[in-house]
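All chains are named by letter (A, B, ...) in the order of the sequence lines, taking the proteins before the strands, and each is independently numbered beginning at 1. Everything numeric here is computed off the predicted structure, so don't read it as measured data.
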Number of protein chains: 2
Amino acid sequence: MSKDYGQFCGLAKAASVLGERWALLVLRDLSLGPRRFGDLQKGLPGIPTTVLTTRLRELEEHGIIERQAPPLGRRGLVYAMTDHGRDLTPILDALGRWGARRMADPGTHDVMTSSSLAGALRSAYRPGVIPDEVTIRVAAGPVLAWARTTPDGVAVGAGIPDGPIDLTITTGPAMRHILAGTLSPSEALATGALAFDGSRELFDLFPRAFHVPLDPTIIQGEST
Amino acid sequence: MSKDYGQFCGLAKAASVLGERWALLVLRDLSLGPRRFGDLQKGLPGIPTTVLTTRLRELEEHGIIERQAPPLGRRGLVYAMTDHGRDLTPILDALGRWGARRMADPGTHDVMTSSSLAGALRSAYRPGVIPDEVTIRVAAGPVLAWARTTPDGVAVGAGIPDGPIDLTITTGPAMRHILAGTLSPSEALATGALAFDGSRELFDLFPRAFHVPLDPTIIQGEST
DNA sequence: CGGTATCCCTTGCGATACTG
DNA sequence: CAGTATCGCAAGGGATACCG
């Protein structure tokens with residue numbers, strides 16, 4: 001059971017569950033779709049199995065996630081968000097945007113995961129820039145994610161999207177500066193920090209449709 | 001130094017600081033205004049001095065709070081939010097609303113603090129219901145807070161407000177059900193769970209201007 | 001009053017090994 | 001593949017004592 005703060009306060013109740021180690025990252029991964037135990041473990045490098053087990057149990061006890069029978073013919077269970085858990089999605093996105101403001105470049109031991117990339121795309125999305133329904137694929141080395149714009153927002157996911165792809169962006173950590181607007185797409189193309197395949201028009205819209213500002217107080221190279 | 005997750009991810013960075021024990025509650029209190037060490041300690045029942053010291057230092061290192069010279073003639077230092085910290089306020093409110101959805105009645109060991117009450121008011125506020133600038137005082141036993149509506153939102157605080165008071169509400173844990181809309185003001189008046197002093201008209205507007213829904217799945221008496 | 005310094009105890013975390 | 005069992009270690013909780 002997670003630690004309580006002994007206060008009759010919504011924030012205190014939230015903190016007692018979400019403040020546990022790894023909890024927010026487990027939820028980020030599950031916010032992108034149902035996952036099996038092993039998926040989560042692979043997607044969260046460094047998480048001890050015992051901790052993952054404990055977090056999943058606590059989150060289930062609090063009605064934030066639930067175990068489901070797997071989709072059609074697959075074996076094992078999957079963990080999935082409940083409605084109550086899905087209510088957290090915009091908050092996770094806001095927290096991610098806030099944290100990213102001071103995150104310019106990866107630290108020595110920082111890795112990117114498909115879920116973190118997908119989450120970044122979701123939290124970066126600004127409606128109204130891209131009028132059509134399009135599918136964008138982003139590849140940062142082995143890390144793959146996609147975003148599909150819809151009339152009411154954006155759907156994102158880890159891995160490879162179903163259906164046709166309108167734009168593929170291949171990049172690395174430079175993606176952070178694209179999202180920040182501190183590196184223009186054409187510059188990035190010139191230096192080879194980034195490549196694309198598909199609609200040039202869509203490519204040019206990308207930095208306005210997906211944007212997470214960078215705090216001006218952050219200087220290049222520093223990022224805790 | 002707070003624990004990192006080794007991921008190049010805004011949410012992971014946020015979680016590494018905000019996930020530390022007591023961090024979110026320290027920030028809730030500071031989001032209501034500058035506080036001295038002792039203020040925080042009194043307002044956060046159960047926090048060990050060592051942990052408060054550590055959290056304050058970490059939050060300062062991350063540029064979320066800062067130490068300031070005290071206002072005019074008082075001695076000692078005060079801790080206050082930086083701009084970066086203030087950016088968290090809407091997120092804290094959203095988290096508080098989310099946590100409060102499953103919080104119907106106080107647990108046996110749950111206390112209310114002036115900061116938690118003030119925070120509840122801020123997160124509950126819905127613009128557009130109260131047209132004027134008014135000051136509302138809420139007393140739940142020894143716990144005092146106030147809210148002043150303004151054209152662009154609401155200002156809240158712990159303790160007693162400056163200036164004239166348009167409405168005083170005296171209540172207890174029943175306040176949660178007023179905010180939820182599961183207890184009508186007139187009912188509460190009849191049972192004595194609540195009393196008010198001041199504008200009746202404003203009193204009747206209150207539940208619409210300050211609202212935090214309660215999850216229907218929660219049954220009376222249960223609240224972890 | 002605003003902390004720092006210790007001490008002891010308990011808990012949770014992280015790593016590894018192992019079982020259904 | 002999906003966890004449980006175990007264990008050493010670091011950190012938090014709580015009390016108390018003490019400095020500026």
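Taken from CG in Leu88(B) to CG in Leu24(B), the straight-line distance is 8.5 Å, to the nearest 0.5 Å. A distance of 4.5 Å separates CG in Leu27(A) from CE in Met81(A), rounded to the nearest 0.5 Å. Within the model, atoms CG of Leu183(B) and CZ of Arg176(B) stand 11.5 Å from one another, a figure rounded to the nearest 0.5 Å. Note that OG1 of Thr135(A) is 7.5 Å distant from CH2 of Trp146(A), once rounded to the nearest 0.5 Å. Summarising the geometry, atom CG belonging to Leu56(B) is positioned 11.5 Å from atom CD1 belonging to Ile64(B); distances are rounded to the nearest 0.5 Å.
Overall bending of the helix from dC1(C)-dG20(D) to dG20(C)-dC1(D), expressed as the angle between end axes built from five pairs apiece, is 40° (10° steps).
To the nearest angstrom, C1' of dA5(C) lies 12 Å from CZ of Arg57(B). Between the NZ atom of Lys3(B) and the C1' atom of dA15(C) there is a distance of 13 Å, rounded to whole Å. A straight line from CG of Leu52(A) to P of dA2(D) spans 11 Å, rounded to a whole angstrom. We find that CG of Asp4(B) is positioned 16 Å from P of dC13(C), with the value rounded to whole Å. Computed from coordinates, the Arg35(A) CZ to dG3(D) P distance equals 16 Å when rounded to whole Å. In this structure, CD of Glu58(B) is placed 11 Å from C1' of dA11(D), rounded to the nearest angstrom. Residue Leu77(A) contributes atom CG, which lies 12 Å from atom C1' of dC1(D) at whole-angstrom precision.
Among Val154(A), Thr150(A), Thr149(A), the one residue that satisfies the side chain to side chain contact (heavy atoms under 4.5 Å, CB included) test with Asp152(A) is Thr150(A).
Here Thr53(A) does not reach the OP1 or OP2 of dG3(D): none of its side-chain N or O atoms lies under 4.0 Å away. Listed pair Arg55(B) / dG12(D) meets the phosphate criterion, a side-chain N or O lying under 4.0 Å from OP1 or OP2.
Relative to the side chain of Phe37(B), the nucleotides dG14(C), dG2(C), dA5(C) differ in distance, and dG2(C) lies closest. The side chain of Trp22(A) lies closest to dG14(C), out of dG14(C), dG3(D), dG2(C). Of all nucleotides listed (dC13(C), dG3(D), dG12(D)), dG12(D) comes nearest to the side chain of Arg21(B). Counting only heavy atoms from C-beta on, Thr50(B) has its side chain closest to dA5(C) among dA5(C), dG14(C), dG3(C). Here dC1(C) is the nucleotide among dG14(C), dG3(D), dC1(C) with the atom lying nearest to any side-chain atom of Arg36(B).
Place Tyr79(A) and Tyr5(A) on DNA chain D by their nearest nucleotides, and Tyr79(A) ends up nearer the 5' end.
Stacking of Arg122(B) on the aromatic ring of Phe210(B) is not recorded, the 6.0 Å distance cut-off and the 45° axial limit not both being met.
In this structure a side-chain-to-backbone donor-acceptor pair under 3.5 Å is missing from Asp93(A) to Pro90(A). A donor-acceptor contact shorter than 3.5 Å links the side chain of Thr54(A) to the backbone of Thr50(A).
Of the residues in residues 38-48 of chain A, those lying under 4.0 Å from DNA chain C by heavy-atom distance are Gly46(A), Pro48(A).
Side chain Thr49(A) to base dT4(D): a donor-acceptor pair is found below 3.5 Å.
Classification of the Trp98(B)-His84(A) ring pair by plane angle, with boundaries at 30° and 60°, yields parallel.
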